[in-house]
Each structure stands twice: as structure tokens, then as C-alpha cells.
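To start, the structure under review is shown below, and the notes come after it.
We use all heavy atoms of the structure for the numbers below, so side chains are in, but hydrogens, waters and symmetry mates are not.
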Amino acid sequence: MGLLVASKQVRVAMPAVGSLPGMPSALRQLARRVLPVSVRVALTQGPAMVALLKVPALERTAKPLPHLACERQTPLRRAAIPYDERLQRAKERNVSRAAELLDGLSLPPGALFSWHRQLGPPLTLRGFAPGPELHEDTLEAGTGGGLCQVSNLLFWLALHAGFTIVERHRHALDLFPDDSRTTPFGCGATVFFPKKDLRFVNSTGVEARLTLGVRAGFLLGQLHTRAPLPFRCELVESSHRFTRRAGVVWRENSVARRWHFPDGSTRDEWIAEHAAEVRYNVDPTLIT
């Protein structure tokens, strides 16, 4: 198939969060108190927002497609992730709002999906709430917090549908122990407007459509196609381990996409290697 993944982490040079160029000191201090972090970052990244608007948005359609390429569901609440109830409810609201905005998205052959272009800034006036966000290794409330559950699911669907990943950023910390994990560690896709985007291309040559929604406490995602895909994809993990370096426990692994073809042949395509600092207690016998 010759489809390659360019999974990368882009570092953008930018002012410190809340340091708004051209503002008097008093106004900057007021902005830090009043504006959400995501808004302050957006204000420092005006050119990035303008560039996003130059990219045509994908259309949404109510017309279904007949063939289910892949599907996944993830729970909105996990016992191993004890968010404050206020943050938890805000996260669920944000996930539902994102699902509402992305449901029915049409992905014709060659279409480029950009999370930031399709979803836009997660502002309160657009229906988003202050949910759990990680800022400088600290869990805080930020408008749109918790949306990574949706971007994680979209990344999973894109990989299993055979799409080409153009931009993806992984989480730098492993905050919580596994809780009924059904996908390899490190297969998330963190997003933060407007710096960290999730972008992928429908490189299959077959029209696809995204179905996204929240039902009975789960986020549900499906990709349907106009014709059956001539392959099946799965994610394969290798070299998983916990290590200790300079007194800090790290979790590491490597993930590949395995292509299965009708003739019975397979091909493994490297996706990424992951290393994240662990922030929970690990059984010492598991640490190498």
C-alpha cells in the first residue's frame, strides 16, 4: 500500500502563556486572571488562527455510507481516574460538544482533517466548559479540558482505517494506571489550541464518513466507507517496559500498525516510540 505515517511533535516558538505582546503590564495581569489559558495562547498565536482559516473546512453530511471500516467506544468515567466531580462533569460536557460538532464529517479521498480547523477554539461562548487540563505538569481547569478523549479516539480510528497521520502529539506524562485498557500505551493524541493539532489524510482512495456521539456513558466513534477497504489494520505493541532513571519511573514502548491483506500477507509499519514519566505507584517487580 505504501502508506507512511509522519507522526511528529512540533515545537512552536511562542511567548510564555499569558504574556500578551504589546499590552501594558497591568492589562497583562488582568488578562491572566480573567482569560482562560487557551484564549491567552490563542491571542499570542493570531497568525496561526489566520492560517487555519485559509484551509477549507470539511463538510458534514447526514447521508450514511454502507460499509463499517472501524469503530471504537471509550467510557467517559474511569475508576482509576478520580477527577473532581466538577471537572468530570465539565469534561463530559466538552466531549459531548466536540462530538456534536464533528459528527457526520465527510472525508472524501485525499481530504485533510485538522482538529483545530474543524473544531475551532474551545471557548465558553461556543459551549465548552473548564475541564481537566495539564499545564506545566499540573492538572488544572481549562476551557475545553478533557477533549483529548475525542482526539485519542479519532487518532485510533484514523490508524485503523489506514489513513496517513500528518501531525500528532503524544502525552508527556503517564498520569493514571491502566483501567481496562484495550489499546497499547501511548496511542493518545493530545491537542491544545492552536499549538498542538491532530491532522490526518484519507489516503485510502475511498470516501469515508465519521459518526461520533455520546450514549450511555460512552463516547462512540465509527468510520463508514462507500466501498469495503481492501485491508484490515491493527495496532501492535512491542518493547513495553517500566524503567527507572535518576529516581524517576518511565513507561516506554514501541507501536506499529499491522496491515492485513486479502491474500493473507501482512506488513508492519512503525508508528512511534513512546516514553512518558509515570505519576502513579508501580509494582517494583515490574520496573527493569
Side-chain angles (χ1 to χ4, degrees), residues 1-10 58 65 67-74 102 105-115 118 147-172 174 178 180-191 196-212 219-241 250-276:
M1 302 295 293
L3 303 181
L4 301 178
V5 166
S7 179
K8 63 180 182 179
Q9 291 178 263
V10 179
L58 300 175
L65 295 177
H67 300 280
L68 177 63
C70 53
E71 63 180 338
R72 179 169 174 76
Q73 67 175 23
T74 57
L102 296 175
L105 200 67
S106 177
L107 295 158
L112 170 67
F113 170 87
S114 162
W115 171 274
Q118 292 303 137
L147 285 175
C148 286
Q149 179 170 357
V150 185
S151 60
N152 291 347
L153 185 141
L154 292 184
F155 180 58
W156 189 97
L157 290 175
L159 285 173
H160 282 75
F163 292 175
T164 299
I165 307 303
V166 177
E167 180 180 354
R168 170 252 180 170
H169 304 263
R170 64 176 174 81
H171 299 273
D174 188 17
D178 291 351
S180 304
R181 183 189 293 276
T182 59
T183 191
F185 156 72
C187 289
T190 184
V191 289
K196 296 181 178 181
D197 202 355
L198 171 64
R199 296 187 297 151
F200 51 79
V201 174
N202 178 3
S203 49
T204 66
V206 180
E207 180 185 359
R209 179 182 180 273
L210 173 68
T211 300
L212 205 59
L219 172 66
L220 308 175
Q222 296 177 325
L223 274 175
H224 286 82
T225 55
R226 184 168 297 281
L229 297 176
F231 54 79
R232 179 177 63 85
C233 292
E234 65 173 330
L235 298 182
V236 180
E237 179 184 49
S238 62
S239 304
H240 178 271
R241 63 179 183 173
W250 292 78
R251 189 175 187 177
E252 304 171 348
N253 75 345
S254 181
V255 175
R257 172 163 53 179
R258 179 165 295 167
W259 299 75
H260 296 263
F261 302 106
D263 62 3
S265 64
T266 63
R267 177 173 62 84
D268 283 358
E269 170 194 10
W270 178 83
I271 297 297
E273 292 181 356
H274 303 109

Inset, instruction - Mind checking the NZ-CD spacing from K196 to E167? Nearest 0.5 Å is all I need. - result: 10.5 Å
Inset, instruction - Mind listing the closest non-hydrogen atom pair of L105 and Q118 along with its distance? - result: CD1-NE2, 3.3 Å
Inset, instruction - Check the pair F163, L223 against side chain to side chain contact (heavy atoms under 4.5 Å, CB included), reporting the backbone distance first and the verdict last. - result: CA-CA 11 Å; F163 292 175; L223 274 175; 4.0 Å; yes
Legend entry - Test item: T204 and T225 side chains (from C-beta on) under 4.5 Å apart, heavy atoms: no
Legend entry - Atom pair CZ (F261) and OG1 (T266), whose distance is rounded to the nearest 0.5 Å: 8.0 Å
Inset, instruction - Heavy atoms only: give me the nearest L58-S106 pair and the separation to one decimal. - result: CB-O, 3.8 Å
Legend entry - Closest non-hydrogen atom pair, E207 against L65: O-CD1, 3.7 Å
Legend entry - Side-chain donor-acceptor contact under 3.5 Å, S239 with N253: no
Legend entry - Separation of L198 CG from T190 OG1 (nearest 0.5 Å): 10.0 Å
Inset, instruction - Starting at CG of L212, measure out to CG of L219 and round the result to the nearest 0.5 Å. - result: 5.0 Å
Inset, instruction - Would you mind reporting whether R251 and H240 have side-chain heavy atoms less than 4.5 Å apart? - result: yes
For a quick test of your reading: what N or O donor-acceptor pairs under 3.5 Å do the side chains of residues 147-158 make, sequence neighbours left out?
| from | atom 1 | to | atom 2 | distance (Å) |
| --- | --- | --- | --- | --- |
| Q149 | OE1 | K91 | NZ | 2.9 |
| Q149 | NE2 | T74 | O | 3.4 |
| Q149 | NE2 | T74 | OG1 | 2.9 |
| Q149 | NE2 | P75 | O | 3.1 |
| S151 | OG | C148 | O | 3.1 |
| S151 | OG | A189 | O | 2.5 |
| N152 | OD1 | A189 | N | 2.6 |
| N152 | ND2 | C148 | O | 3.1 |

Legend entry - Sidechain-backbone polar pair: D263 side chain, S265 backbone, donor-acceptor under 3.5 Å: yes
Legend entry - Donor-acceptor contact present, side-chain R170 to main-chain A275, <3.5 Å: yes
Inset, instruction - Report yes if the side chains of H224 and T211 come closer than 4.5 Å at any heavy-atom pair, otherwise no. - result: yes
Legend entry - Value rounded to 0.5 Å, distance of CD1 in I271 from CZ in R258: 12.5 Å
Inset, instruction - List the atom of L112, the atom of R199, and the distance in Å for their closest heavy-atom pair. - result: CD1-CB, 4.1 Å
Legend entry - Side chain proximity check, F113 to L210, heavy atoms < 4.5 angstrom: no
Legend entry - Gap separating the SG atom of C187 from the CZ atom of R257, nearest 0.5 angstrom: 11.5 Å
Legend entry - Pair V255-V236, side chain to side chain contact (heavy atoms under 4.5 Å, CB included): steps then yes or no: CA-CA 6 Å; V255 175; V236 180; over 6 Å; no
Inset, instruction - Please say whether the positively charged group of R168, taken as NZ for Lys or CZ for Arg, lies over the ring of F200, i.e. under 6.0 angstrom from the six-membered ring centre and within 45 degrees of the axis. - result: no
Inset, instruction - For residues G162 and S203, report the shortest heavy-atom separation together with the two atoms involved. - result: O-OG, 3.6 Å
Inset, instruction - Begin from the C-alpha positions of R267 and H260 and carry the test side chain to side chain donor-acceptor pair (under 3.5 Å) through to its verdict. - result: CA-CA 7 Å; R267 177 173 62 84; H260 296 263; over 6 Å; no
Legend entry - Working for side chain to side chain donor-acceptor pair (under 3.5 Å), residues E234 and H160: CA-CA 6 Å; E234 65 173 330; H160 282 75; over 6 Å; no
Inset, instruction - Please report the shortest heavy-atom distance between W115 and V191, naming the atom on each side. - result: NE1-CG2, 3.6 Å
Legend entry - Main-chain N/O of L107 paired with N202 side-chain donor or acceptor, under 3.5 Å: yes
